[in-house]
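Some notes on the structure that comes next.
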Amino acid sequence: MPETPEFRLHNTLTRQTEALMPTETAASGAPLLRFYSCGPTVYSFAHVGNFRTFLTADLVVRTAKALGWEVRYVSNVTDVGHLTDDDVADAGGEDKLAKALASKEGERFANVWDLARHYTGGLVADWNRLNLVEPDVRPRATEHVTEQIDAVCALMEGGHAYETEDGVYFHVPSFEGYGKLSGNEAADALRDGLRELVQDSGKRDPRDFALWKKDPGHLMQWHAPFGKGFPGWHLECSVMAQKYLGTTIDLHGGGEDLRFPHHECEIAQAEALTGEPFSRMWIHTRFLQVEGEKMSKSKGNFLTVRDLTVAPEFGGREDWGAPVDPLALRLLLISGQYGKPFNLTRKALEDAAKNRQRYVDALDAAQNASGADVDRDLAAGLGEELDEAYADALDGMTDDLNTPVALAAALRGANAILALARGPGLDAGMAGSAMGYLQSIDSLLGIVGIDAPDVPADGASGGAGSSAADAALGAEVDALLREREAARANKDWARADALRDEIDALGVIVMDTPSGPTWKRA
Ligand SMILES: Nc1ncnc2c1ncn2[C@@H]1O[C@H](COP(=O)(O)OP(=O)(O)OP(=O)(O)O)[C@@H](O)[C@H]1O
Ligand SMILES: [Zn+2]
């Protein structure tokens with residue numbers, strides 16, 4: 001039996017490419033990878049740049065599973081606390097969601113909760129369109145405020161945090177390892193060019209960052225021992241990662257901009273709380289660019305999944321030409337290795353669509369093979385070629401997610417199937433090898449579409465009858481139901497009724513059964 005390859009990744013923490021080694025073992029005896037990847041802030045649709053980063057996480061999960069590992073994969077939804085000036089540790093500016101609500105686009109939402117729900121639904125729908133693996137847990141910041149308040153209290157008790165008139169701050173000098181991920185240690189380095197740090201005269205060190213912002217006027221606010229307000233953005237991820245994955249996790253990821261300040265601050269909070277290492281490895285995806293610039297919601301130069309994959313009459317972008325199959329877009333977004341910047345062009349999208357068609361044709365040929373015997377030698381040759389192609393693809397993926405190598409190998413196999421299908425034809429044996437190959441490539445890279453969820457052609461996140469739309473709606477309703485159950489358990493009947501109204505407004509009927517609530521579309 002061939003040896004299972006090591007899974008090597010560039011660890012941003014050590015600046016070395018290292019073997020990823022899960023420390024836990026699943027009940028099945030397989031290694032268990034515990035992995036947290038930062039999700040989006042749901043103040044608008046995620047753009048394809050955000051998806052480049054989510055796809056890196058997706059490929060980590062798929063590669064680990066291809067090695068026979070089990071994976072516990074958590075990717076959050078940020079729905080409170082992410083402020084506009086987030087390139088310094090102690091961010092200032094407005095809450096991104098509140099700002100979106102105040103914009104022209106925001107007028108169609110009743111409130112900030114409604115806005116967050118809408119874009120979370122859109123996120124899940126686009127996640128399905130691009131055939132990303134569903135995380136085991138997709139926690140929301142707003143549903144983990146109690147845990148965040150507890151963490152703030154513990155940090156204060158441990159001497160790592162203090163209160164001012166404006167909030168509660170993490171005291172950076174109280175944590176020795178600050179700067180180990182990003183190299184940003186000195187206050188000067190945190191100044192980020194010409195922008196001034198947020199001024200709170202009560203702060204003890206300019207590097208200190210907010211764990212809690214006191215703001216009784218904020219649209220989303222919670223009672224806390226240190227005053228009404230909302231949690232800082234950095235806090236949610238370390239708290240939710242530790243809640244769902246444990247004190248020390250195997251791998252934590254996000255886009256390159258998160259290395260500092262977001263991840264540096266996560267490390268400080270988590271390690272100050274437990275005294276243990278937070279994540280053993282860190283992986284950061286370089287930016288997707290358009291015309292040489294970072295694609296960014298804030299810059300407005302962004303393209304969404306639906307811009308590129310649905311027809312203009314349903315809101316697709318006309319200036320980007322005909323819509324492409326979502327899996328062609330996926331193929332394009334993973335075609336550059338995650339550690340290198342990647343420039344999106346129309347030409348590359350067209351090339352990706354052509355390559356994707358090779359898989360569609362190969363699958364069609366395998367599914368419609370004649371069944372008659374063709375040639376034993378040819379059949380054996382195809383089997384060998386496909387085994388080799390798959391092994392090369394897996395080797396590429398385990399070599400720091402080298403997708404250019406993996407995709408070239410995968411395409412070699414598809415082309416071998418097509419060459420036979422268009423020549424002597426595929427017999428039943430060959431069709432079996434071809435199907436097995438396409439299944440394995442699909443599990444590893446997600447580009448063949450055998451198990452991809454159905455998606456609506458109009459790109460809707462709430463259209464009736466589509467499984468992507470259903471998944472989005474289902475995620476929303478389930479989250480609200482869980483919240484309503486928690487409110488009932490706390491005898492908070494007013495909150496439970498308000499949640500029931502929110503659920504009704506989604507157009508579903510809730511049925512309370514002995515085994516808990518269920519729902520269906522109205
Ligand atoms: N152009 C990009 N290419 C790759 N990843 C990106 C890009 N822009 C953002 N990301 C990553 O996407 C994830 C979600 O980002 P988030 O929703 O917080 O972005 P944002 O800061 O609100 O929006 P933007 O950065 O577009 O203004 C993060 O891991 C972030 O690093
Ligand atoms: Zn995060």
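Each ligand, and each atom within it, is numbered from 1 in the order the structure gives.
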Problem set entry | Side chain, backbone, both or neither: the part of Tyr43 lying under 4.0 Å from ligand 1 by heavy atom | side chain
Exercise. Of the protein's non-hydrogen atoms, which lies at the shortest distance from atom 24 (P) of ligand 1, and what is that distance?
Worked result: Lys297 N, 3.5 Å
Problem set entry | Min side-chain heavy-atom separation Pro173-Arg207 under 4.5 Å | yes
Exercise. How far is atom 27 (O) of ligand 1 from its nearest protein heavy atom, and which residue and atom is that?
Worked result: Ser298 OG, 2.5 Å
Exercise. Heavy-atom distance under 4.5 Å between the side chains of Thr78 and Val42, does that happen here?
Worked result: no
Problem set entry | N or O pair under 3.5 Å between Asp257 and ligand 1 | yes
Exercise. Does an N or O anywhere in Met295 fall below 3.5 Å from an N or O of ligand 1?
Worked result: yes
Problem set entry | Residue and atom name of the nearest protein heavy atom (relative to atom 21 (O) of ligand 1), distance in Å to one decimal | Lys96 NZ, 3.1 Å
Exercise. Can you find a heavy atom in the side chain of Trp69 that is under 4.5 Å from one in the side chain of Phe7?
Worked result: yes
Exercise. Which ligand 1 atoms does Thr53 reach within 4.0 Å, using its non-hydrogen atoms?
Worked result: 4 (C), 5 (N), 6 (C), 11 (C), 29 (O)
Exercise. Is the cationic atom of Arg204 (NZ for Lys, CZ for Arg) positioned less than 6.0 Å from the six-membered ring centroid of Tyr162 and within 45 degrees of its normal?
Worked result: yes
Seminar exercise, completed: In this structure, atom 12 (O) of ligand 1 is nearest to the protein heavy atom Asn50 ND2, 3.0 Å
Problem set entry | Ring-face cation contact, Phe342 with Arg286, 6.0 Å cut, 45° max | no
Problem set entry | Polar side chain donor-acceptor pair, His171 to His160, under 3.5 angstrom | no
Problem set entry | Nitrogen or oxygen of Leu258 less than 3.5 angstrom from that of ligand 1 | no
Exercise. Does any N/O atom on His47 come nearer than 3.5 Å to any N/O atom on ligand 1?
Worked result: yes
Seminar exercise, completed: heavy-atom search around atom 29 (O) of ligand 1 in the protein gives Gly255 N, 2.9 Å
Problem set entry | Angular separation of NE2 (His262) and SG (Cys237) seen from the Zn ion (ligand 2), to 10° | 110°
Problem set entry | Stacked cation flag Lys294 on Phe287, 6.0 angstrom / 45 deg | yes
For this session: Around atom 2 (C) of ligand 1, find the nearest protein heavy atom and jot down its residue, atom name and distance.
Result: Phe287 CD2, 3.5 Å
Exercise. Would a 4.5 Å heavy-atom cut-off, applied to side chains only, mark Phe209 and Leu211 as touching?
Worked result: yes
Problem set entry | atom 3 (N) of ligand 1: the protein heavy-atom neighbour that sits closest, reported with distance to 0.1 Å | Leu288 N, 2.8 Å
Problem set entry | Under 3.5 Å: N/O of Gly254 near N/O of ligand 1 | no
Seminar exercise, completed: Here the salt bridge (charged side-chain N to carboxylate O under 4.0 Å, His left out) pairs for residues 9-22, sequence neighbours left out, are none
For this session: Using distance alone, decide if ligand 1 has a nitrogen or oxygen within less than 3.5 Å of any nitrogen or oxygen in Gly49.
Result: yes
Problem set entry | Interatomic spacing from CG in Leu331 to OH in Tyr359 - rounded to 0.5 Å | 6.5 Å
Exercise. Are the side chains of Tyr36 and Asp250 in touch, meaning some heavy atoms are under 4.5 Å apart?
Worked result: no
Exercise. Numbering the atoms of ligand 1 from 1, which are under 4.0 Å from a heavy atom of Pro40?
Worked result: 14 (C), 17 (O)
For this session: Go through Gln269 and Leu235 one step at a time and tell me if the side chain to side chain contact (heavy atoms under 4.5 Å, CB included) criterion holds.
Result: CA-CA 7 Å; Gln269 296 156 168; Leu235 189 59; 3.9 Å; yes
Problem set entry | ligand 1 versus His82: contacting region, heavy-atom distance under 4.0 Å | side chain
Problem set entry | Protein heavy atom at shortest distance from atom 25 (O) of ligand 1 | Lys294 NZ, 2.7 Å
